[in-house]
2 protein chains.
Amino acid sequence: MKEGPDIARIATLIGDPARANMLMALMGGQALTATELAGAAGVTLATASAHLSKLEDGGLLTQRKQGRHRYFALADSAVAGLLEDLAGLAATRGHLRHRPGPRDPALRRARICYDHLAGDFGVRMLDSLIERGAILEEGEALALTGSGHRFFCEMGIDAEALKTPRRPLCRACLDWSERRSHLGGTLGKALFDHIMAEGLARREPDSRAIRFTREGERRFLALFPVQDADAA
Amino acid sequence: MKEGPDIARIATLIGDPARANMLMALMGGQALTATELAGAAGVTLATASAHLSKLEDGGLLTQRKQGRHRYFALADSAVAGLLEDLAGLAATRGHLRHRPGPRDPALRRARICYDHLAGDFGVRMLDSLIERGAILEEGEALALTGSGHRFFCEMGIDAEALKTPRRPLCRACLDWSERRSHLGGTLGKALFDHIMAEGLARREPDSRAIRFTREGERRFLALFPVQDADAA
DNA sequence: GGGATGCTTCGGTTACCATCGAAGCATGAA
DNA sequence: TTCATGCTTCGATGGTAACCGAAGCATCCC
């Protein structure tokens with residue numbers, strides 16, 4: 001009743017459906033305007049504005065003025081990590097939203113999770129990295145191996161430079177659609193950036209879905225092979 | 001409004017102050033009765049009962065009937081992990097509860113965090129393990145080294161046996177009082193169990209505080225030395 | 001300047017839900 | 001059986017906060 005941090009305050013902020021929708025929309029990693037977020041949440045601009053100032057006061061969001069626009073983004077990767085965990089937990093407890101919309105299949109296949117790849121493709125990528133011995137899986141924790149170091153070097157990714165005090169290099173992020181882990185952390189982000197830079201895929205507008213090109217999918221599957229080739 | 005898991009539902013459950021207090025009380029790791037939880041939350045039994053069934057429906061709690069008592073506990077370590085993260089985030093955003101009660105200093109010093117040691121002593125323990133090279137810190141991620149393996153073996157802890165698919169061996173858990181990490185995961189639990197089994201400390205009744213004996217504190221400090229000896 | 005766009009503030013309405021006391025039900029003790 | 005304890009259910013109450021439309025303020029464009 002007295003000691004410790006006030007978790008209820010943060011949880012209440014996330015607990016409102018409109019605010020939760022806004023936060024999930026920002027898991028796309030891009031900063032969005034108040035109007036865009038109002039649309040994502042399905043409320044009027046007036047309501048959205050009130051929500052956004054609450055989220056900002058609560059330290060979950062940051063705001064940047066740019067001309068007459070106001071861009072909002074998640075405050076930092078700690079907030080994104082919390083939302084990921086929350087989504088993972090909600091998925092395992094069966095708290096799915098009622099209407100899986102028409103573009104849901106695309107989201108299950110490949111989507112962006114704040115700044116890294118999630119969905120079927122994301123899970124496959126981590127599986128492949130573990131199979132090849134690039135990443136060591138110890139329970140839920142992930143560690144980069146020496147051979148993994150070399151593998152990423154060949155792709156032009158310097159894993160050593162990705163180590164930061166603020167954020168883990170490898171992070172297991174529970175995937176809500178697959179209910180298995182995909183790769184987050186700075187390495188997960190670097191790999192996603194690599195995929196986009198190489199033009200293997202592009203983002204769907206106004207969605208977190210990622211669409212691979214035919215050629216991009218071929219190269220992705222070749223780069224990250226897995227043992228048992230099952231097709232859905 | 002459409003895709004993905006319903007994070008708002010889980011967050012709403014945690015977002016009510018009474019329910020948050022109950023959950024934090026259960027972070028002590030022990031199962032508690034409905035009456036005890038009502039006391040912890042500061043509500044009547046009727047109100048508590050309603051909250052508890054919501055939490056159980058939401059999959060955050062499990063219930064065990066035992067005679068005419070009903071014992072509640074956190075559903076699993078995933079829930080505990082989420083609450084830890086939430087508390088860590090709340091602490092860094094300055095969302096502290098208003099009245100740091102009289103026993104607050106004892107909590108800052110040493111307390112239980114679901115099933116492992118937290119507070120000043122918990123942070124010191126992890127610092128010491130990193131200094132001695134038993135645990136490798138890569139950003140926010142933690143990994144056990146070979147020398148750490150041997151060190152824990154000498155204490156009678158077989159780290160190999162602690163690896164589980166469900167839960168990480170080492171987990172960095174942001175400490176709300178120190179704002180630095182302490183050691184969670186199955187290894188963190190094993191070390192805490194070791195400390196209690198050796199009689200270095202005992203639990204305060206009705207609190208998450210851990211009180212070290214004079215001799216226990218001496219042995220703890222000898223076992224986990226740190227470089228710069230600063231005293232509060 | 002005049003007009004359009006983006007957002008915030010204000011006032012009022014509505015709906016939900018936390019809360020409690022009292023009554024009901026189950027379990028265990030005498 | 002009879003009583004006590006632990007908890008749930010019921011019904012009623014109250015406060016909080018989400019919501020919207022309209023008005024106000026700021027920024028940019030012409």
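Side chains are part of it too, since the values below use all heavy atoms of this structure and drop only hydrogens, waters and symmetry mates. In what follows, chains are A, B, ... by sequence order, proteins preceding strands, each numbered from 1.
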Side chain proximity check, B:E36 to B:Q30, heavy atoms < 4.5 angstrom: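 Contact flag for B:E36/B:Q30 side chains = no.
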Min side-chain heavy-atom separation A:F121-A:H182 under 4.5 Å: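 They are not in side-chain contact.
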Working for salt bridge (charged side-chain N to carboxylate O under 4.0 Å, His left out), residues A:D76 and B:R93: CA-CA 12 Å; A:D76 52 37; B:R93 308 297 137 124; 2.8 Å; yes
Salt bridge (charged side-chain N to carboxylate O under 4.0 Å, His left out) between B:R9 and B:D57, worked out: CA-CA 11 Å; B:R9 194 157 144 200; B:D57 286 348; over 6 Å; no
Consider the side chain of [X], meaning its heavy atoms from C-beta on, and name the nucleotide among [options] that approaches it most closely.
{"X": "B:K54", "options": "C:dA18, D:dA18, C:dC7", "value": "C:dA18"}
{"X": "A:V43", "options": "D:dC19, C:dC7, D:dC7", "value": "D:dC19"}
{"X": "B:R68", "options": "D:dT5, D:dC19, C:dC7", "value": "D:dT5"}

Sugar-phosphate, base or nothing in reach of A:A18, heavy atoms under 4.0 Å: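 Contact class for A:A18: sugar-phosphate only.
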Just the rounded figure in Å: distance from [atom2] of [N] to [atom1] of [X].
{"X": "A:H69", "N": "C:dT8", "atom1": "NE2", "atom2": "P", "value": "13 Å"}
{"X": "B:Y71", "N": "C:dT27", "atom1": "OH", "atom2": "C1'", "value": "14 Å"}
{"X": "A:N21", "N": "D:dA18", "atom1": "CG", "atom2": "C1'", "value": "14 Å"}
{"X": "B:R9", "N": "C:dC17", "atom1": "CZ", "atom2": "C1'", "value": "16 Å"}
{"X": "B:D16", "N": "D:dG15", "atom1": "CG", "atom2": "P", "value": "17 Å"}
{"X": "A:D57", "N": "C:dT9", "atom1": "CG", "atom2": "P", "value": "10 Å"}
{"X": "A:L45", "N": "C:dA4", "atom1": "CG", "atom2": "P", "value": "18 Å"}
{"X": "B:L52", "N": "D:dT8", "atom1": "CG", "atom2": "P", "value": "7 Å"}

side-chain N/O A:H51 vs D:dC19 OP1/OP2, d < 4.0 Å: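 Looking at the OP1 and OP2 atoms of D:dC19, one of them is under 4.0 Å from a side-chain N or O of A:H51.
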A:T47 side chain near D:dC19 phosphate (N/O to OP1/OP2, under 4.0 Å):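 Answer no for this pair, as no side-chain N or O of A:T47 is under 4.0 Å from OP1 or OP2.
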Contact residues, residues 29-36 of chain A to DNA chain C [heavy atom, < 4.0 Å]: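 DNA chain C contact set from residues 29-36 of chain A: A:T33, A:A34, A:T35.
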Given A:R111, A:R109, A:R180, A:R108, the one that forms salt bridge (charged side-chain N to carboxylate O under 4.0 Å, His left out) with A:D175: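 Only match with A:D175 under salt bridge (charged side-chain N to carboxylate O under 4.0 Å, His left out): A:R111.
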Nearest-nucleotide 5' precedence on DNA chain D, A:A46 against A:K65: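 Upstream on the strand: A:A46.
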Salt bridge (charged side-chain N to carboxylate O under 4.0 Å, His left out) assessment of A:K189 paired with A:D193: CA-CA 6 Å; A:K189 168 173 163 50; A:D193 290 346; 3.1 Å; yes
Within 6.0 Å of CZ in A:R203, more than 12 heavy atoms from elsewhere: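 For A:R203, atom CZ is crowded (more than 12 foreign heavy atoms under 6.0 Å).
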